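Reading through the structure tokens given below for one structure.
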Number of protein chains: 2
Amino acid sequence: MNRAAENRTPLPVPAAAARGGAWEREVVDFYIHLAQAFSLPKSVGAIFGVLFASPRPLSLDDIVERLSISKGSASAGLKLLQRVGAVQPTYEPGDRRTRYLPEMSIRRLLTGLLQETLTPHLRRGAEQLESLAPLLEEFPPEERKVLAARLRALNTWQSKAKRLLPFVLGFLGRPLRRAKAVDDDGRGP
Amino acid sequence: MNRAAENRTPLPVPAAAARGGAWEREVVDFYIHLAQAFSLPKSVGAIFGVLFASPRPLSLDDIVERLSISKGSASAGLKLLQRVGAVQPTYEPGDRRTRYLPEMSIRRLLTGLLQETLTPHLRRGAEQLESLAPLLEEFPPEERKVLAARLRALNTWQSKAKRLLPFVLGFLGRPLRRAKAVDDDGRGP
DNA sequence: AACGGTGTTCAGAAAATTCTGAACACTCTT
DNA sequence: AAGAGTGTTCAGAATTTTCTGAACACCGTT
């Protein structure tokens with residue numbers, strides 16, 4: 001259960017971090033902040049954090065205990081993380097509880113995240129844009145010209161945004177300096 | 001003051017949209033949704049929306065009136081939009097109020113947005129990562145190996161993220177099909 | 001078919017974010 | 001230097017998001 005780095009700081013516990021050793025606390029803290037950068041709930045960052053910090057997969061109850069959050073939160077958080085592909089459930093033969101592994105590949109992580117957050121909005125936007133042009137009829141020609149230009153810019157936007165995603169993923173997929181086709185996770189196939 | 005497309009739909013007003021014509025309402029609606037995709041306040045999207053929808057720059061009071069939001073909100077929203085470079089103040093000679101123009105270039109828009117939201121977190125993260133490695137000493141060699149690998153992956157992350165931004169901006173800067181060096185805004189130089 | 005273990009759901013509580021409105025600050029004009 | 005016009009600030013209100021905890025559903029085991 002890793003009590004190695006237990007009684008380290010007798011400090012007043014830094015906010016909403018984990019209980020374990022310094023390593024776990026720091027990692028959890030790191031991911032809490034990262035989560036907020038993407039405006040995801042802190043608990044989601046924290047959950048990914050404990051999984052990342054643990055040398056082996058953790059169960060829902062492990063997480064509840066280490067973060068002292070409710071089972072409800074942990075369950076919802078794990079569900080979200082699974083949906084975006086940030087964690088992977090593992091099923092061991094003689095064990096009834098599911099344990100979770102953190103996804104280490106940026107590509108997969110970002111793919112999932114963007115798919116979840118941005119893509120649906122882009123799609124919705126695209127539809128709405130089409131219905132916009134006719135409304136310009138209302139304007140006198142001079143103003144219409146200005147607004148039509150903006151509408152065109154907006155369409156350019158959309159096109160670029162759609163193309164951007166695969167582009168970014170391509171970039172992230174390629175290792176910094178060439179290596180075997182292992183992607184960048186620490187785990188096996 | 002563009003009353004051209006005024007009394008069009010005598011409908012029960014679709015939620016928190018603008019008051020003007022159908023064009024304005026639709027555009028505002030569009031940007032409200034877009035703002036939410038980036039988890040920015042609705043009001044911020046709405047403000048950018050009215051500016052985008054208007055053939056000429058609007059003042060703070062124009063915005064307050066058209067969106068029926070408080071001056072406080074409008075002021076704060078405009079400040080944010082200015083900070084991320086999404087709107088530009090224009091000062092006319094014989095007019096004391098500042099009027100605002102929407103920024104039409106994706107490059108500038110995204111640059112500002114990412115600068116505002118992601119970059120500070122990346123920086124903070126980088127510092128924290130360095131302090132993380134020593135904490136692994138606490139672990140038995142076997143576990144340490146696993147966790148060290150993850151830490152390396154995390155560093156790879158950071159590097160890639162840092163390089164990604166200019167990369168993305170480069171992509172957005174280039175026109176879809178070759179054209180003159182005009183960037184993609186509808187305005188003059 | 002009762003039971004223990006595991007995980008999900010959901011109504012209400014708690015916390016965080018956003019908005020309002022009125023007071024204030026600044027700057028021209030008279 | 002009083003006043004009008006423009007914009008900012010900020011304490012509290014309103015709204016939205018997140019979290020909790022207990023009830024419930026499911027699934028093997030006995």
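Protein chains get the first letters and strands the later ones, always in sequence-line order, with residue 1 at the start of each. Please read these numbers as outputs of a predicted model, since none were measured by experiment.
- Rounded to an integer number of Å, the gap from CG of Asp95(B) to P of dT6(D) is 7 Å.
- No donor-acceptor pair closer than 3.5 Å links the side chain of Arg107(B) to the backbone N or O of Leu172(B).
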I'd like a table of donor-acceptor pairs (distance under 3.5 Å, sequence neighbours excluded) in which one partner is a side-chain atom from residues 90-97 of chain B, with atom names and distances.
{"from": "Thr90(B)", "atom 1": "OG1", "to": "Arg99(B)", "atom 2": "O", "distance (Å)": "3.2"}
{"from": "Asp95(B)", "atom 1": "OD1", "to": "Arg97(B)", "atom 2": "N", "distance (Å)": "3.2"}
{"from": "Asp95(B)", "atom 1": "OD2", "to": "Arg99(B)", "atom 2": "NE", "distance (Å)": "3.1"}

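- Within the structure, every pair that satisfies the salt bridge (charged side-chain N to carboxylate O under 4.0 Å, His left out) test and touches residues 119-129 of chain A, not counting sequence neighbours, is listed here: Arg124(A)-Asp29(B).
- Side-chain proximity of Leu60(A) to the nucleotides dT18(D), dT8(C), dT8(D) is greatest for dT8(C).
- Remark: side-chain polar atoms of Asp62(A) are paired, donor with acceptor, to backbone N or O of Ser59(A) under 3.5 angstrom.
- In this entry the distance linking CD1 of Ile32(A) with C1' of dA16(C) reads 15 Å, nearest Å.
- Applying the side-chain hydrogen bond (donor to acceptor under 3.5 Å, both in side chains) definition to pairs two or more places apart or across chains, those involving residues 73-83 of chain A are Arg83(A)-Glu116(A).
- Contact annotation: Lys42(B) side-chain N/O to dT15(D) OP1/OP2 distance is not under 4.0 Å.
- Phe167(B) and Phe167(A) have their aromatic ring centers within a separation under 6.0 angstrom.
- Atom pair Leu80(A):CG and dC19(D):C1' shows a separation of 14 Å (rounding to whole Å applied).
- Across all strands, Ser59(B) comes closer than 4.0 Å to no nucleic acid atom at all (heavy-atom distances).
- Applying the side-chain contact (heavy atoms from CB on, under 4.5 Å) rule to Ser131(B) yields the partners Glu26(A), Gln128(B); only residues at least two apart in sequence or on another chain are considered.
- Atom OH in Tyr100(A) sits roughly 13 Å away from atom P in dT6(C) (whole-Å rounding).
- As a whole-Å value, the separation of Tyr91(B) OH from dG7(D) P is 10 Å.
- Distances shorter than 4.0 Å separate some side-chain N or O of Ser43(B) from OP1 or OP2 on dC19(C).
- Between Leu67(B) atom CG and dT18(C) atom P there is a gap of 17 Å when expressed in whole angstrom units.
- Comparing Leu40(B) and Arg97(A) by the nucleotide of DNA chain C whose heavy atom lies nearest to each, the residue mapping closer to the 5' end is Arg97(A).
- Atom-to-atom, NZ of Lys79(A) to P of dC19(D) comes out at 14 Å; the value is rounded to the nearest Å.
- Ion pairing between a basic and an acidic side chain is recognised when a charged N comes within 4.0 Å of a carboxylate O; Glu143(A) and Arg56(B) show such pairing.
- Taking atom CD on Glu65(B) and atom C1' on dT6(D), their separation rounds to 16 Å, with Å as the unit.
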I'd like a table of atom pairs between the protein and nucleotides 20-24 of chain D - only N or O on both sides, under 3.5 Å - with the distance next to each one.
{"from": "dT20(D)", "atom 1": "OP2", "to": "Ser70(A)", "atom 2": "N", "distance (Å)": "2.9"}
{"from": "dT20(D)", "atom 1": "OP2", "to": "Ser70(A)", "atom 2": "OG", "distance (Å)": "3.2"}
{"from": "dT20(D)", "atom 1": "OP2", "to": "Ser73(A)", "atom 2": "OG", "distance (Å)": "3.2"}

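- Between Tyr31(B) and Phe52(B), the two ring planes are tilted [angle within 30° to 60°].
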What protein N or O atoms touch nucleotides 2-4 of chain C N or O atoms at under 3.5 angstrom, if any, and at what distances?
{"from": "dG4(C)", "atom 1": "N2", "to": "Arg96(A)", "atom 2": "NH2", "distance (Å)": "3.2"}

